[in-house]
Amino acid sequence: MTNKLELNEYKQGVANLYNQRSESYDNSDWHVQICHRLLEYSQVSYGQTILDIGTGTGHLAFAAAQVVEDRGKVFGIDISAGMLKQAQNKANALKVNNIEFQLLDAESLDYPINHFDRILCANTFPWMENKKDTLSLWCSFLKSGGRIGIHTPADTAYIGAVLLRKVLARHGVSLEASNRIGSIEQCVNLFTSAGFEGIEIKTEKHGSYTSLEKAKAAWSGTIVHPSSISLKIYSNELSKLSPVKLAQVKAEFDTELEALETKEGIWDEIVTWYILGHKP
Ligand SMILES: C[S@@+](CC[C@H](N)C(=O)[O-])C[C@H]1O[C@@H](n2cnc3c(N)ncnc32)[C@H](O)[C@@H]1O
């Protein structure tokens, strides 16, 4: 595994975030379930060569490695050395030898063209800075007929973030051009323009009650911490608001969230998408 990677400030921020989360990342089953479903939908089979983008601690890579067996090979790439270390430790402990973990940026990969049978990406695509060019690049690495499978939260996921965007929009501030993927139509257009065919989006609804406090944290995560990644993404838009206006937006945001509170908490609906397609 290469252990040095030049990243821009934004990506270094993302890598740092996941380096910090790497040791506790496997405490939740949520990502494992998603990865298994994505694998199933993408029709991974024996002997295939698979690229797992944003592999993290390797949930999808390990599941794929079991299916492709020794005749196949899985490449798991990520910009977070911490996440990859967890993945590599598991591979060593389990003596899995058909996965190669690589410290690489998904937006500047250099694989041979027409190389992979499947390119999979779970819970990572929203982090891509230039989605169209990145998808075109990934498409070039797929064999003809090879499939892409991407799992991502829909724009309607996470109540705090949804309400924050809604309230800001009322004040002329748009966070829509951030790391969101857009409507189903925009998503199909994006994948088609990157060279994929037969785009299908499978939707799944998850959700749980969250506390008012946690839902309100969308504000501090986006607006308050000057070093946060979101602020870097949104800073141009947010600079349109004076401190007084910002305080007004905050009050409206809190009021709207408080109105949703029940005795169980606030219902946080998480709609997720499995975006599937193939290279012609
Ligand atoms: C939410 S985790 C998902 C991990 C794994 N796919 C899963 O579902 O459990 C997102 C991962 O994407 C990685 N990531 C973000 N931007 C990336 C980029 N440009 N290139 C490669 N990996 C990236 C992060 O470091 C992190 O490990």
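Both counts, for ligands and for their atoms, begin at 1 and track the order of listing. Note: hydrogens, waters and symmetry copies are ignored here, and every other heavy atom, side chains too, is used.
- Summary of contacts: the protein heavy atom closest to atom 19 (N) of ligand 1 is Asp105 OD1, 2.9 Å.
- The environment of Glu6 atom CD is sparse: at most 12 non-hydrogen atoms of other residues, nucleotides or ligands sit within 6.0 angstrom.
- The protein atom (non-hydrogen) at minimum distance from atom 20 (N) of ligand 1 is Ala106 N, 2.9 Å.
- Checking only distances, Asp78 does come within under 3.5 Å of ligand 1, N or O to N or O.
- A heavy-atom distance below 4.5 Å is found between the side chains of Leu168 and Leu241.
- For atom 11 (C) of ligand 1, the closest non-hydrogen atom on the protein side is Thr124 OG1, 3.5 Å.
- Looking at His31 next to ligand 1, no N or O pair under 3.5 Å apart turns up.
- Considering both main-chain and side-chain atoms, Gly54 comes within under 3.5 Å of ligand 1 through a nitrogen or oxygen pair.
- Of all the listed residues (Leu109, Leu38, Thr134, Ile79), Ile79 holds the heavy atom that lies closest to atom 23 (C) of ligand 1.
- Ranking protein heavy atoms by distance to atom 9 (O) of ligand 1, first place goes to Tyr25 OH, 2.9 Å.
- At a cut-off of 3.5 Å, with distance as the only test, a side-chain donor of Gln88 or Asn92 sits close to an acceptor on the other residue.
- Heavy atoms of Cys35 approach ligand 1 to within less than 4.0 angstrom.
- Heavy atoms of Leu104 found under 4.0 angstrom from ligand 1 belong exclusively to the backbone.
- Interface of Ala122 with ligand 1, defined as ligand atoms under 4.0 Å from a residue heavy atom, comprises 3 (C), 5 (C), 6 (N), 8 (O).
- If you check the side chains of Glu264 and Thr262, you find a donor sitting under 3.5 Å from an acceptor.
- Side-chain contact annotation: Thr49 with His115, donor-acceptor N/O pair under 3.5 Å absent.
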* **Criterion side chain to side chain contact (heavy atoms under 4.5 Å, CB included) on Ile34 and Trp30, from CA distance to verdict** => CA-CA 7 Å; Ile34 285 166; Trp30 155 255; 3.6 Å; yes

* To do: Step by step, work out the side chain to side chain contact (heavy atoms under 4.5 Å, CB included) result for His59 and Asp26.
  => CA-CA 9 Å; His59 293 320; Asp26 283 1; 3.2 Å; yes

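- Every atom of ligand 1 is numbered from 1 in the order shown, and the set under 4.0 Å from a heavy atom of Trp127 is 15 (C), 16 (N).
- Near Ser80, with a cut-off below 4.0 Å to any heavy atom, the atoms of ligand 1 are 25 (O).
- Between Asp52 and ligand 1, a contact under 3.5 Å exists for no N or O pair.
- The N/O atoms of Lys11, backbone and side chain alike, include none that comes under 3.5 Å of an N/O atom in ligand 1.
- Counting the atoms of ligand 1 from 1 in the order shown, those under 4.0 Å from a heavy atom of Asn123 are 1 (C), 2 (S), 3 (C), 7 (C), 8 (O), 10 (C).
- At a heavy-atom distance under 4.0 Å, only side-chain atoms of Val14, from C-beta outward, approach ligand 1.
- For the pair Tyr25 and Thr57, the tightest heavy-atom approach, listed with the atom from each and the gap, is CD2-OG1, 3.6 Å.
- Under 4.0 Å from ligand 1, the heavy atoms of Thr55 that appear belong solely to its backbone.
- The aromatic rings of Trp127 and Tyr10 are tilted relative to each other, their planes meeting at an angle between 30° and 60°.
- Side-chain contact annotation: Asn16 with Gln20, donor-acceptor N/O pair under 3.5 Å absent.
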In a table with atom names and distances, give each donor-acceptor pair under 3.5 Å that connects a side chain of residues 134-141 to protein atoms at least two apart or in another chain.
residue : atom : partner : partner atom : Å
Thr134  : OG1  : Glu107  : OE1          : 2.8
Thr134  : OG1  : Asn130  : O            : 2.7
Ser136  : OG   : Lys132  : O            : 3.1
Trp138  : NE1  : Ala106  : O            : 2.9
Ser140  : OG   : Leu137  : O            : 2.6

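- Close to ligand 1: Met128, with a non-hydrogen atom less than 4.0 angstrom away.
- Within 6.0 Å of atom CZ in Arg170, more than 12 heavy atoms from other residues, nucleotides or ligands are found, so the atom counts as buried in its surroundings.
- Near Met83, meaning under 4.0 Å from any of its heavy atoms, are these atoms of ligand 1: 27 (O).
- Under a hydrophobic-cluster definition in which Ile, Leu, Val, Met, Phe, Trp and Tyr are linked whenever side-chain heavy atoms come within less than 4.5 Å, directly or via other members, Tyr209 and Leu163 are assigned to different clusters.
- By the criterion of a heavy-atom distance under 4.0 Å, neither the backbone nor the side chain of Glu107 is placed next to ligand 1.
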